[in-house]
*Asks:* 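My structure is below; once you've seen it, I'll send some questions.
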Amino acid sequence: MLTTIKHIRTGWMIAVSFAICLLSCCPAKAQEDTAFNSLYQRYFRLYGSQDAEGFYKASQQMKDYYLQKGKTDSYYKIRLNEVLYEAEHGQTYTAIKKSDEILEEMEQKNQKQYHIVYTAMGTIYESRGNYRMANHYYEQAINDIAPADTGSLMSIYSRLASLKMVREADKAWEWNEKFGALCKHFPDYYKVYLALKGGISFFREDRRTFLKTYDEFQQFIKEHADLDEYGVETMNIGLAAFNGQYDEALELLKTTNQDFDALKNFDFRIKIYEMMGNEHLAITEANKRRDYRDSLNSDMFYNNISQVNAELNVAKINQQAAEERELWMVIVILLLLGIIAVSMAWSIWYRRINQQLKKQNQDLESALDRAEESDRMKSAFIEQVSHEIRTPLNVITGFAQIITNPSYQLNEKERDEMLNAISKNTHEITNIVNELLEVAQDESRNQYDKEDNIVCEEFCNQVMDEAHRQNNGRLELQYVNEVPKGFTFKSNRKVMEKILNQLMDNAMKFTEKGSVELRSAYNAPLHTLAFIITDTGIGIPKEEHPNIFHRFFKVDQFKQGLGLGLTMCKKMADLLGYQLYIDSNYTAGCKMVLKFEV
């Protein structure tokens with residue numbers, strides 16, 4: 001049981017989701033059940049406190065009550081509140097772990113309330129400023145919620161309205177109207193609806209609608225004097241800004257303490273500067289927001305690593321063990337290489353963007369757009385690399401500490417399994433570093449030498465040998481030779497191996513069952529040689545074909561990898577003077593073609 005938690009407020013968004021969950025799981029006859037009603041009120045108060053032990057004790061009593069009454073939906077919503085509690089108090093790793101535990105329990109008990117887990121994950125990512133992932137999980141939750149589950153629908157509708165308020169104000173308006181239609185009979189939440197409506201009107205710069213909503217809000221709080229002060233600050237800031245009292249609006253933002261989290265505070269400030277016509281201050285504030293969100297992501301990353309190590313509960317490490325020193329040396333070297341590779345790739349990319357900015361010399365509005373795009377790409381790059389390295393790194397760290405701890409009695413089989421896991425995950429990190437180094441190296445290269453005489457059939461058989469080794473019997477692999485026996489061409493053998501090995505690896509990775517074929521074809525009249533890789537996998541949507549060679553592009557964002565494989569293949573093919581393209585007419589999977597003159 002937790003005894004102390006660093007209290008980090010993430011704004012009203014988690015509190016609203018929590019309260020709506022309570023509303024949806026509170027029994028209709030709660031007032032008749034005096035004991036439960038008392039527990040309900042105490043549980044609600046404890047959620048907003050630092051008393052983690054008291055909160056979890058009350059939470060357990062709530063869960064026991066609902067299980068006894070056979071109210072499974074309400075039981076899982078209490079479980080969701082525990083996730084929200086951890087997220088609001090800055091314990092992101094614990095929150096995600098609890099979400100996984102809920103999902104595992106649902107699968108074991110054949111329960112289908114997956115929207116609870118999706119809602120929790122969306123809330124966690126929104127609290128860290130990750131708009132894309134939050135939107136993904138909220139939409140997953142919408143698809144999973146039963147139409148009769150009004151409480152859950154209210155929670156998701158309000159979350160989507162708040163999430164899209166700044167970037168997609170028109171869509172935010174649609175979600176908030178759905179929220180308002182459901183919460184008309186609940187004053188606490190109808191007030192939230194009005195506050196959201198005012199905020200969305202503010203970002204749409206719709207003065208007429210805002211003023212009408214402002215009057216409705218004022219009348220509503222007069223009629224419901226027992227409600228809290230939430231929403232008052234939002235309305236007062238918007239009114240001051242629309243009346244041209246920008247200094248007053250900015251001063252109110254400095255003192256607000258309940259309507260906004262830090263990120264939404266930045267968004268309001270940026271919009272006020274834009275309304276003032278001061279693009280310089282708007283850009284400066286946008287950069288501050290970017291730095292703040294980066295710091296949230298960095299804190300989450302290091303907090304995750306610290307908590308993983310703490311859960312392993314490994315005692316003192318034997319510093320004198322030669323095996324441990326060698327293992328840690330490898331890990332440190334790999335991390336340093338990873339940092340160097342990331343820095344090189346980022347430096348090259350940043351210099352290129354910076355040069356474009358200087359040449360274009362656009363007005364301040366264009367400069368703001370480019371700053372936001374640069375922020376998005378940087379965040380995507382850091383998020384992608386961190387995600388791909390974190391899992392194998394945690395496996396290496398955990399097993400290394402267990403192996404080197406004399407208090408653990410391991411048999412040979414267990415030790416071999418752990419060493420194999422360390423080796424496998426070290427290889428994964430090495431592959432990631434190699435990809436980054438390959439991209440950075442090719443940035444400064446103009447062309448490849450083509451001095452190697454390559455026997456076509458022998459070369460293709462070598463590629464197939466490597467594919468069979470990686471495939472391990474999972475798929476049917478075949479090579480079809482349509483060139484004359486002994487046919488030889490001149491190229492760069494090492495580079496050709498990299499291209500074809502990567503294309504075969506991609507085909508196998510995205511093919512669950514079926515076959516992968518490598519075909520070599522020679523067109524004598526045109527003097528062209530083609531290598532064609534065909535699979536029966538998931539394929540690539542036709543509308544995404546123009547993007548497949550872009551850096552970090554992935555059709556499936558949750559598939560392992562950085563999205564650099566096809567980028568490197570295209571770059572190497574260009575430096576050889578060859579054509580690499582996808583056959584758009586093939587629909588049974590994916591067909592990639594490498595073609596060149598001989």
Side-chain angles (χ1 to χ4, degrees), residues 10-11 126-132 162-172 198-211 214 233-257 259-299 343 346-383:
T10 58
E126 184 177 0
S127 72
R128 293 294 172 175
N130 192 325
Y131 175 86
R132 181 177 61 83
S162 174
L163 181 70
K164 295 178 180 291
M165 180 186 296
V166 179
R167 293 174 176 82
E168 301 176 90
D170 290 340
K171 290 185 178 180
I200 297 168
S201 299
F202 174 77
F203 281 100
R204 296 172 81 183
E205 297 190 37
D206 186 349
R207 187 175 189 273
R208 180 179 179 181
T209 301
F210 176 86
L211 293 177
Y214 179 87
E233 294 172 342
T234 299
M235 290 301 186
N236 289 339
I237 291 169
L239 181 65
F242 276 123
N243 288 336
Q245 299 169 338
Y246 303 120
D247 290 339
E248 180 181 342
L250 292 170
E251 190 62 32
L252 288 171
L253 272 172
K254 290 181 180 179
T255 58
T256 183
N257 57 13
D259 278 13
F260 307 125
D261 62 3
L263 290 171
K264 195 58 67 67
N265 193 298
F266 279 118
D267 292 330
F268 269 79
R269 197 176 301 277
I270 291 169
K271 174 56 70 174
I272 292 173
Y273 286 140
E274 290 176 351
M275 293 170 71
M276 293 169 61
N278 194 328
E279 296 293 339
H280 174 71
L281 288 178
I283 292 173
T284 301
E285 202 66 23
N287 289 333
K288 289 180 180 179
R289 186 189 189 279
R290 176 200 63 201
D291 293 340
Y292 178 78
R293 191 180 69 175
D294 285 350
S295 71
L296 288 178
N297 290 327
S298 296
D299 290 345
S343 299
W346 169 246
S347 178
I348 293 169
W349 180 84
Y350 183 79
R351 285 201 303 271
R352 183 170 295 175
I353 293 297
N354 193 46
Q355 290 171 357
Q356 292 175 358
L357 292 176
K358 290 180 180 179
K359 290 179 181 179
Q360 293 173 358
N361 193 24
Q362 295 178 344
D363 55 22
L364 290 174
E365 181 178 357
S366 297
L368 177 59
D369 292 338
R370 289 196 301 272
E372 291 176 348
E373 177 64 14
S374 174
D375 173 44
R376 185 188 68 80
M377 292 295 294
K378 174 184 174 184
S379 298
F381 177 80
I382 294 174
E383 177 185 326

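What you see is a predicted model, and the numbers here were worked out from it, not measured in a lab.
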*Asks:* Would you please test Val166 and Ile270 for side chain to side chain contact (heavy atoms under 4.5 Å, CB included) and show each step?
*Replies:* CA-CA 10 Å; Val166 179; Ile270 291 169; over 6 Å; no
*Asks:* Shortest non-hydrogen contact from Ala249 to Ala241?
*Replies:* CB-N, 4.0 Å
*Asks:* Whether the Arg289 and Asn265 side chains hold a donor-acceptor pair (N or O, under 3.5 Å, no angle test) is what I'd like checked.
*Replies:* no
*Asks:* Within the 4.5 Å heavy-atom criterion, are Asn278 and Tyr246 side-chain neighbours or not?
*Replies:* no
*Asks:* Do Arg269 and Leu281 touch side chain to side chain, with heavy atoms closer than 4.5 Å?
*Replies:* no
*Asks:* Find out whether Ile200 and Thr209 are in side-chain contact, i.e. whether some heavy atom of one side chain is under 4.5 Å from a heavy atom of the other.
*Replies:* no
*Asks:* Show the nearest heavy-atom pair for residues Ile237 and Leu253, with the distance to one decimal.
*Replies:* CD1-CD2, 3.7 Å
*Asks:* For Thr255 versus Glu233, what's the shortest heavy-atom pair and its separation?
*Replies:* O-OE2, 4.4 Å
*Asks:* Check Tyr131 against Leu163 and note the closest heavy-atom contact, atom names and distance.
*Replies:* CE1-O, 3.4 Å
*Asks:* Mind checking whether Phe210 and Phe242 have parallel, tilted or perpendicular rings, split at 30° and 60°?
*Replies:* tilted
*Asks:* If you measure from CZ on Arg207 to CE on Met275, what distance do you get to the nearest 0.5 Å?
*Replies:* 9.0 Å
*Asks:* Output the distance between atom OG1 (Thr234) and atom NZ (Lys264), rounded to the nearest 0.5 Å.
*Replies:* 8.5 Å
*Asks:* Does Asp247 CG have over 12 foreign heavy atoms under 6.0 Å away?
*Replies:* no
*Asks:* Please report the shortest heavy-atom distance between Phe203 and Asp267, naming the atom on each side.
*Replies:* CE2-O, 3.6 Å
*Asks:* What is the distance from atom CG of Leu239 to atom CD of Gln245, rounded to the nearest 0.5 Å?
*Replies:* 7.0 Å
*Asks:* For Gly198 versus Met235, what's the shortest heavy-atom pair and its separation?
*Replies:* CA-CE, 3.8 Å
*Asks:* Below 4.5 Å, heavy atoms only, C-beta onward: do Ile283 and Tyr273 meet side chain to side chain?
*Replies:* no
*Asks:* To the nearest 0.5 Å, what is the distance between CG (Leu250) and CE (Met276)?
*Replies:* 6.0 Å
